Amino acid sequence: MELKLSKRVQSLKPSPTLAISAKAKELKAKGVDVIGFGAGEPDFDTPEFIKEAAIKALREGKTKYAPAGGIPELREALAEKFKTKNGIDYKPSEVVVSAGAKNILFLLFLMLLDEGDEILVPAPYWVSYTEQIKLFGGVPVEVPTKEENGFTLTLEDIKPFVTDRTKVLILNFPNNPTGAVISEKDLREIAEFCLERGILIISDECYEAFTYDGEKHISTASLSEEIKKITFTVNAFSKTYSMTGWRIGYVGCPNEEYAKVLTNLNSQSISNVTTFAQYGALEALKNPEADKFVEKMRLTFERRRDLMVSLLMEIPNVKVGKPKGAFYVFPNFRNYVSCFENDVEFTKYLLEEAKVAIVPGSAFGYEGFARLSYCNSDDEIVEGINRIKGAFERLS
Ligand code: PMP
Ligand code: GLU
């Protein structure tokens with residue numbers, strides 16, 4: 001039978017990052033020796049004390065519906081976290097919990113966008129922004145950032161793309177896929193400009209825990225009370241505590257009214273995030289061991305970044321910078337991509353020829369580059385980059 005799809009979903013594409021990591025896992029399960037640099041998830045297990053807290057909640061019968069915006073203890077603990085770790089003063093009633101940062105973003109676009117509204121999306125961008133925006137009739141306006149600036153964003157990059165339909169700017173630092181971190185000066189200039197023009201900011205800070213070389217993460221909403229009033233601060237437990245599969249994200253809203261709408265959207269869609277899982281998240285915020293775990297992960301990622309970047313630098317005709325955050329590198333592979341029809345074919349070649357999975361730059365709106373995550377052991381990083389080097393040698 002012919003599918004009777006709504007116009008809205010007809011051009012919807014699956015998440016390429018999820019698709020590539022699924023493909024790598026499938027090949028591995030079949031016994032193929034694949035090295036996956038595609039996945040955007042930490043390779044650490046969730047700490048035991050977090051799991052134990054969820055198990056305890058489950059045993060205690062925390063198995064029923066919970067308040068749609070999140071259990072009150074978690075909203076309170078998140079308001080406290082925003083205060084102490086981000087320097088933002090949110091009331092618990094301004095914080096909403098939903099099924100991962102991905103669903104938070106989905107609800108934000110649903111809440112904010114009317115047909116034809118323009119959203120500024122700095123490119124390279126994380127794959128789901130543009131697809132979600134289009135689902136709700138919005139127009140994603142790509143704002144290219146520059147390789148020579150390490151893909152950070154400046155006010156000058158943004159200005160040419162602002163129109164009277166511009167409603168929201170997305171900020172994502174530390175950045176997926178480039179690992180870029182923004183300076184306080186640039187962030188302030190951009191935020192002040194948005195304030196002047198009445199543009200809202202969605203600040204996706206999912207990778208806040210992972211900054212390197214002494215770089216500190218700065219939350220957009222912490223810059224001033226006025227900026228806080230135009231900013232949604234999006235975050236999740238997924239990356240920080242290695243809890244990707246738990247599906248718990250949260251947002252700090254400019255005021256209670258927005259938070260109420262998001263809560264209503266939860267109540268009419270997912271009802272609430274899995275009740276006992278929220279107790280695990282609460283433990284992540286309360287247990288002092290959690291910070292030690294995060295720091296251990298951060299140091300491990302920093303070391304792996306150095307290793308991966310130094311190995312990539314040894315490959316002739318590859319340009320790569322040293323990102324200051326997240327757990328990705330985004331090298332310029334144009335000299336090799338040019339041997340193929342496009343960068344998707346190029347990454348297919350690497351998967352078939354070198355048995356290494358990476359994500360093509362075009363998935364992030366930036367053709368000719370590719371994203372490699374370093375959520376892998378040192379041995380895998382060495383082996384994987386060597387394989388890529390070998391596959392390049394066989395091309396010439
Ligand atoms: N924002 C960015 C920049 C991401 O990389 C991701 C993917 N993890 C998300 C949001 C979604 O996170 P979550 O897994 O919490 O839905
Ligand atoms: N955000 C991660 C990534 O970019 C997970 C995949 C996804 O959610 O699309 O790889």
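When a ligand or atom number is given, it counts from 1 through the structure's own listing order. Treat the numbers as computed from the prediction; the structure is a model and nothing was measured. We number each residue from 1, following the sequence as shown.
Annotation: atom 16 (O) of ligand 1 to nearest protein heavy atom, Arg247 NH2, 2.7 Å. Of all protein heavy atoms, the one closest to atom 9 (C) of ligand 1 is Trp126 CH2, 3.4 Å. Protein heavy atom closest to atom 10 (O) of ligand 2, with residue, atom name and distance, is Arg371 NH2, 2.8 Å. Nearest protein neighbour of atom 5 (C) of ligand 2, counting heavy atoms only, is Gly40 O, 3.9 Å.
Here the two rings, on Phe136 and Phe109, have centers that are 6.0 Å apart or farther.
Near Lys239, meaning under 4.0 Å from any of its heavy atoms, are these atoms of ligand 1: 4 (C), 5 (O), 6 (C), 7 (C), 8 (N). Within the listing of ligand 1, atoms 15 (O), 16 (O) sit less than 4.0 angstrom from a heavy atom of Gly100. Of all atoms in ligand 1, listed by their number and element, those nearer than 4.0 Å to a heavy atom of Asn172 are 3 (C). Residue contact check: Asn176 has heavy atoms under 4.0 Å from atoms 3 (C), 4 (C), 5 (O) of ligand 1. Close approach of ligand 1 to Ala236 (heavy-atom distance below 4.0 Å) involves ligand atoms 15 (O). Taking every heavy atom of Asp204 and a limit of under 4.0 angstrom, the matching atoms of ligand 1 come to 1 (N), 2 (C), 3 (C), 10 (C). Heavy-atom proximity to Cys206, at under 4.0 Å, picks out these atoms of ligand 1: 1 (N), 10 (C).
Looking at Ala101 against ligand 1, both its backbone and its side chain come within 4.0 Å, counting heavy atoms. Here Tyr129 has side-chain heavy atoms under 4.0 Å from ligand 1, and that is the only part of it that gets that close. Counting heavy atoms closer than 4.0 Å to ligand 2, residue Asn176 contributes side-chain atoms (C-beta onward) but none from N, CA, C or O. With a 4.0 Å cut-off on non-hydrogen atoms, Lys239 touches ligand 2 through its side chain and not its backbone. Neither the backbone nor the side chain of Thr244 has any atom closer than 4.0 Å to an atom of ligand 1 (non-hydrogen atoms only).
In the hydrophobic clustering of ILVMFWY residues, with side-chain heavy atoms under 4.5 Å counting as a link, Leu200 and Val141 come out together.
For the residue pair Arg247/Asn103, the side-chain donor-acceptor check at 3.5 Å is not satisfied.
Closest approach of Lys85 to Asp291, counting heavy atoms only: NZ-OD1, 3.0 Å. Between Ala101 and Val234, the closest heavy-atom pair is CB-CG1, 4.0 Å. Across every non-hydrogen atom of Phe210 and Pro174, the tightest pair is O-CG, 3.8 Å. Taking both residues in full, the closest heavy atoms of Ala39 and Tyr328 are given as O-CE2, 4.4 Å, listed atom of the first, atom of the second, then distance.
No salt bridge links Glu52 with Lys56; every basic N to acidic carboxylate O contact stays at or beyond 4.0 Å. Checked for salt-bridge contact, Glu352 and Lys348 miss the test: no charged N lies under 4.0 Å from a carboxylate O.
When side chains are defined from C-beta on, Trp246 counts as touching Thr46, because their heavy atoms get closer than 4.5 Å.
Checked by distance only, ligand 1 and Ser238 come closer than 3.5 Å through their nitrogen or oxygen atoms. At a 3.5 angstrom cut-off on N or O pairs, Tyr207 counts as close to ligand 1.
At least one heavy atom of Lys102 sits less than 4.0 Å from an atom of ligand 2. No heavy atom of Gly249 sits closer than 4.0 Å to any atom of ligand 1.
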